[in-house]
Each structure stands twice: as structure tokens, then as C-alpha cells.
Number of protein chains: 2
Amino acid sequence: MNTKDLAYFKELINQKNFSKVADFFGVSQPTITTAIKRLEAEFGSQLVIRDRVHHELTITPSGQQLAEHATSILRELDTAHHEIQNLVQNQIALGLPPIIENYYFPKIAAQLKQQRLLRHILTVEGGSVELRKGLLDGQMDMALLGSIEPLSYQNLIADEFDRHPFYIYVGKTHPLADRKRIFFSELRHEDFVLFENSFVHNQAFNRLTRRNHFRPDVVFRSNDTHMIMKLVAQNVGITYLTDIVDQQADVVRLELMDEERPEFITSIVYRTTHILTPAQQQLLAIMHRILA
Amino acid sequence: MNTKDLAYFKELINQKNFSKVADFFGVSQPTITTAIKRLEAEFGSQLVIRDRVHHELTITPSGQQLAEHATSILRELDTAHHEIQNLVQNQIALGLPPIIENYYFPKIAAQLKQQRLLRHILTVEGGSVELRKGLLDGQMDMALLGSIEPLSYQNLIADEFDRHPFYIYVGKTHPLADRKRIFFSELRHEDFVLFENSFVHNQAFNRLTRRNHFRPDVVFRSNDTHMIMKLVAQNVGITYLTDIVDQQADVVRLELMDEERPEFITSIVYRTTHILTPAQQQLLAIMHRILA
DNA sequence: TGACATTATAAAATATTTTTATAGTAGCTG
DNA sequence: CAGCTACTATAAAAATATTTTATAATGTCA
């Protein structure tokens with residue numbers, strides 16, 4: 001069976017229009033008709049109902065079922081392509097969210113260079129959702145991801161290598177600056193400067209606000225720790241961050257004393273189906289040795 | 001890309017011999033040669049090394065990686081075939097291990113008949129390992145499985161619907177027959193009649209013997225509860241079973257008082273990719289209503 | 001009714017896959 | 001070392017499969 005037919009079929013389900021699918025793939029319209037017929041013959045079941053009365057195309061249960069598998073098959077193929085390309089170019093495509101890259105990558109870079117691995121590493125920056133997607137379709141071989149729960153995804157192996165608590169950072173002249181430790185509930189009336197919502201930090205932060213029953217005043221959001229730190233230094237607000245961050249001069253770090261203290265968990269993640277090359281195993285070993 | 005090529009490739013990895021693979025598929029030998037070449041061109045990488053000096057065929061890393069995906073793709077296709085066939089025939093292929101079938105199926109059969117579902121259910125008997133495999137490649141749409149931990153498999157959804165504790169069963173004239181409750185550690189010197197090793201029961205049993213640091217005397221194993229019960233009635237030994245079993249007249253049931261008491265968990269399991277038909281949803285609903 | 005949008009069909013053209021026939025390479029054996 | 005065996009590669013031809021072109025069919029809608 002030709003996988004092209006599955007691609008046609010999937011797109012037909014998207015577009016629900018034979019002619020448009022033909023255009024989409026740059027082929028003639030009968031090509032799509034015959035491809036769908038081939039599939040229907042192969043699986044011995046009607047896949048779509050061409051209801052020209054209501055000008056609609058509906059997918060039969062068989063069709064929906066096949067679509068599931070088609071998606072999976074096409075993704076698998078795509079993954080294979082990416083993955084093998086990385087292999088051939090002797091490259092490790094490593095996904096890194098900016099915060100993790102800033103803190104962890106410099107730590108291992110010297111070692112990587114020494115073991116002549118650095119030149120084979122191609123870093124790909126991105127948010128955690130993006131990176132997870134890129135991992136699944138093979139664009140990356142591995143990724144470092146942050147989370148507040150141990151990662152557990154179908155088709156991905158997550159290998160935890162570090163944990164960091166979150167802290168409260170306040171400006172040097174802030175009323176709380178003398179405190180060493182603090183309960184989260186004491187921050188009820190503070191102004192916050194936080195990361196953008198897509199960051200893992202917010203999941204942890206939201207968990208604490210929910211637990212302590214208050215709606216925080218978030219006066220500003222950024223995706224740059226330096227920016228956040230500068231605003232904290234100027235008493236624009238306080239922030240909630242881990243210590244894997246460059247601390248500014250005019251900022252004070254407070255420990256949280258709450259019973260539930262979310263942690264920032266960093267894991268190295270790769271596909272369950274991915275066979276680690278010697279270089280990749282070396283990279284894993286270095287990370288475990290230096291970062292754990 | 002033609003999936004046939006992937007099948008040829010997978011078999012080549014198995015057999016490591018082009019000509020034999022050709023025989024296997026009933027095609028000529030150059031067919032395999034060209035198929036592999038096609039794949040190598042498509043993925044831009046050598047997949048196998050034809051080492052005629054050492055009379056060997058080795059798989060390159062790219063080849064191994066592709067083999068992973070090929071396996072997955074071919075299984076997915078196979079699943080689609082089975083699954084759609086069941087759909088077309090309007091049949092629910094339901095996997096049932098014998099013990100579960102005996103206890104649970106009669107309970108729902110009347111309801112199934114009333115809702116005209118019974119005629120659409122095709123039961124497939126088998127051990128839990130077998131059933132899991134059959135589920136994954138689409139031979140069955142659903143299965144009831146027993147386990148002592150909540151089931152958690154990649155690609156399968158497990159929907160727990162019942163739990164039963166395990167009990168100790170002893171003959172009516174056995175010294176322990178007067179006891180209502182007992183600690184497992186008290187059974188250190190008893191003779192046991194148990195299920196064959198493949199049964200879930202043994203995982204629970206082994207856990208308890210390990211926890212209590214003794215090697216049990218297993219005098220006989222069977223895969224038939226009635227047989228086990230009869231032997232218990234005759235004081236050949238005692239047994240460790242749930243209460244989802246036909247109790248014999250001359251057998252007494254004792255509760256276990258241990259802190260850790262494994263439970264027999266029954267779940268209905270189906271593929272994550274499986275789209276439930278109305279009939280299948282109906283079946284699920286009946287099971288939850290009657291069995292939960 | 002006629003223009004339009006859509007899918008189906010048949011025949012021809014192309015592309016792909018397989019076969020047949022044969023060559024090449026190396027091991028093994030007498 | 002010649003000749004046989006086992007294995008894979010290659011080229012040309014044959015067989016299949018897919019796509020295109022051209023056109024039909026069906027129903028909408030103004």
C-alpha cells in the first residue's frame with residue numbers, strides 16, 4: 001500500500017473536498033478519487049460518504065478509524081526521515097528552552113568540546129510544547145525540558161537529571177528584603193512580575209495561588225529573566241523563580257516555607273523508539289555526571 | 001512510499017539474506033535488492049552493509065532506526081485492517097481471560113441480550129499476555145484484563161471497573177478452618193495448590209511470600225479453579241484466590257489481615273487510537289453499570 | 001434553464017515495480 | 001586451481017500501478 005494514499009485521505013478528511021485536495025497536492029482530481037477508491041478496496045469498507053445532496057462529505061466510522069492510523073503512520077514516516085537525516089549528518093539535534101539553555105548548557109559545553117561532541121550538537125530553541133512536538137516528529141533527537149511533575153508521555157522517555165526549588169525574589173529595598181524565609185500566603189497583596197504564561201513556572205505559581213486562595217496581582221509578564229530581575233530590582237514587583245537564573249545585584253532571594261513547594265524538574269527526553277547513538281549516549285553520560 | 005518495501009526490509013533484518021526474503025514473499029530476488037535500494041534512496045542513507053567477505057549482513061544505525069519505525073507502521077496498518085473488518089461485520093471482538101469470563105460475562109449477558117448486543121459480541125479467550133498482543137494489533141477491539149496494579153500501557157486505555165481482595169481458602173476439616181481472619185505469615189508451613197504461573201494471582205501471591213520472607217510449598221498447580229477448589233476440599237493444600245470463583249461446599253474462606261493486601265483489579269482495555277462505536281460505548285456503559 | 005461546483009469514469013500516458021536473464025564476487029572442495 | 005555453490009547486483013523487458021486528460025454525471029442555485 002502506498003503511503004501517498006493515506007496522505008491524500010487525511011487531507012480529504014481535513015478539507016472534505018476532492019478537488020481541493022487535488023490542488024493541495026498539485027495533482028489532478030481523478031487522482032484523489034482513485035486513491036480513495038483504492039483505500040476503500042484495500043480495507044473492504046466505505047471510508048467517506050459523498051453526499052452531494054447536502055453538499056457534504058462525511059467520514060464513516062471505518063474512515064475515522066483509518067484516519068487515526070493514517071496519522072500515526074505518516075508521523076512515523078516523517079520521524080524516520082528526520083531521525084535518519086540527523087544520523088547521516090552525524091548531528092544531535094538538541095531541543096532547549098531558553099532558560100534551561102542559559103543555565104545548563106554552559107556547564108556541559110566545556111566537557112562537550114573536550115570530548116569533541118560540541119561540533120555535533122545542533123541546538124534548537126523553543127518552548128516546551130513546541131519542543132515536545134518537534135521531538136515526536138523526529139526534528140530533534142533529544143530535548144531538555146522543564147516541568148513541575150515528573151514527565152510522563154506516551155512515546156517519550158524522560159530521564160530526570162536535576163531539581164530546583166522555586167524562590168521569591170524581591171528588590172533590595174522592598175519591605176520583605178530582610179526576611180530569609182517566607183510563607184507564600186504572606187504575598188497575597190504583593191505585585192508580581194512573572195514569566196509569560198507558557199512557561200512551566202506559571203503552573204507552579206498558579207498551583208500555589210490556588211492553594212492559598214488568592215488572585216495575584218500580576219503587573220507585568222516577560223519571557224526574559226533579566227528583564228524580570230531588573231523590574232524586581234526597581235521594586236516594580238516581586239517574582240517567583242528558581243535559582244537557575246543570573247541573580248542581579250539589587251535583588252534578594254527568599255526561601256519559601258510552605259509545605260507544598262513545587263520544584264522545577266529538568267529532564268532529558270527522547271523517543272522510546274529512538275536508538276541512542278554512541279555520541280548520544282556520551283551526551284547523556286556527560287549530562288548525568290555534570291548536572292546530577 | 002510503498003509499505004511493501006518496509007515489509008521486505010523488516011524481513012531482511014530478520015533473515016539477513018536477500019534470496020531467502022524473496023522466497024519468503026514469493027517474489028524474485030532482484031525485487032528485494034531494488035526495494036532496499038529504493039528505501040536507501042528515499043532515506044538518503046545506507047541501511048544494510050552487504051559484507052560478502054564475512055558472509056554477513058549488518059544493519060547500519062540508520063537501518064536499525066528505520067526498522068523501529070517500519071515495525072510500528074506495519075503494525076499500525078495491520079491494526080487498521082483488523083479493526084475495520086470488525087467494524088464492517090458489526091462485531092465487537094472482546095478478549096476475555098477464562099476466569100473473568102466465567103465470573104463477569106454471565107452477569108452482563110442478559111443485559112447484552114436485551115439490548116440486542118449479544119449477537120454482535122465475539123469473545124476471544126486467552127491469557128493476559130496474548131490478549132494484550134491481540135489488542136495491540138487490532139484482532140480484538142476490547143478486552144477485560146485482570147491485574148494487581150492499575151494497568152498502564154502505552155497505546156492502551158485501561159478503564160478499571162472492579163476490584164476484589166484475595167482470600168485464603170482451606171478445606172472444611174483443615175486446622176485453620178475455624179479462623180475467620182488470618183495473617184499471611186501464619187501460612188509459612190502450609191502446602192499450597194495454586195494457579196499456573198502465567199496467572200495474575202501468582203504475582204500477588206509472590207509479592208506476599210517475598211514480603212513475609214518465605215518460600216511456599218506449592219504442591220500442585222492448575223489452571224482450573226474448580227480443580228483447585230476440589231483439591232483444597234480434600235486438604236491437599238490451601239489456596240490463594242479472589243472471591244470471583246464458584247465456592248465449593250467443603251471449602252472455607254478466610255480473610256487476610258495483612259496491611260498490604262493485593263487486589264485483583266479488573267479493567268476494560270482498548271487502544272488509545274480506537275474510536276468507540278455506539279455499540280461499544282453501550283457495552284462499556286453496561287459493564288460499568290452492572291459490574292461497578 | 002444554464003452556469004457552476006463537484007465527483008466519477010474511461011482511455012491514454014507515465015511511472016513504478018517485478019521478472020527474467022545474466023554477471024560478478026567470494027567461499028569451499030576435491 | 002577449476003569448478004561448484006551461495007549470494008547480490010544489474011540491465012532490459014514485462015507487468016502493474018498511478019496519474020492525467022477529457023468527458024460524463026449529478027445536483028445546486030440564481
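Because the structure is a prediction, the values reported are computed rather than measured. Just so it is clear, the values below take in all heavy atoms, side chains as well, and ignore hydrogens, waters and symmetry mates. Residue numbers start from 1 in every chain, and the chains themselves are labelled A, B, ... in the order their sequence lines are given, proteins ahead of strands.
- A donor-acceptor pair under 3.5 Å links the side-chain atoms of Glu130(A) to the main chain of Gly127(A), judged by distance alone.
- Distance from the side chain of Ser28(B) is smallest to dT20(C) among dT8(D), dT20(C), dT21(D).
- When the side chain to side chain donor-acceptor pair (under 3.5 Å) test is applied to Asn17(A), no partner is found at least two apart in sequence or on another chain.
- Partners of Thr31(A) according to the side chain to side chain donor-acceptor pair (under 3.5 Å) rule, which considers only residues two or more places apart in sequence or in another chain, are Ser28(A).
- Annotation: proximity of residues 11-23 of chain A to DNA chain C (heavy atom, distance under 4.0 Å) is found for Asn17(A), Phe18(A), Ser19(A), numbered in ascending order.
- Remark: Phe9(B) pairs with no residue by the ring pair (Phe, Tyr, Trp, His ring centres under 6.0 Å) rule, at least two apart or across chains.
- Each of Asp137(B), Leu156(B), Ile157(B) was evaluated against Arg271(B); a single residue qualifies, Leu156(B), per the side-chain contact (heavy atoms from CB on, under 4.5 Å) test.
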Report, one pair per line, the protein and nucleotides 13-18 of chain D atoms (nitrogen or oxygen only) whose separation is under 3.5 Å.
| from | atom 1 | to | atom 2 | distance (Å) |
| --- | --- | --- | --- | --- |
| dT18(D) | OP2 | Arg38(A) | NE | 3.4 |

Check: residues 87-98 of chain B side-chain donor-acceptor pairs under 3.5 Å, at least two apart:
| from | atom 1 | to | atom 2 | distance (Å) |
| --- | --- | --- | --- | --- |
| Gln89(B) | OE1 | Gln91(B) | NE2 | 3.4 |

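- Between Glu56(B) atom CD and dT25(C) atom C1' the separation is 17 Å, expressed in whole Å.
- A straight line from CD of Gln29(B) to C1' of dT22(C) spans 11 Å, rounded to a whole angstrom.
- Among the nucleotides dT20(C), dT8(D), dA8(C), the one closest to any side-chain atom of Thr33(A) is dA8(C).
- Counting heavy atoms from C-beta outward, Gln115(B) and Ile286(B) have side chains that approach closer than 4.5 Å.
- Distance CD1 (Ile32(B)) to C1' (dT17(C)): 12 Å, rounded to an integer number of Å.
- Using modelled atom types and a 3.5 Å distance limit, the side chains of Asn2(A) and Arg38(A) yield no donor-acceptor pair.
- Side chain of Leu57(A), nearest nucleotide from dT7(C), dT8(D), dA11(D): dT7(C).
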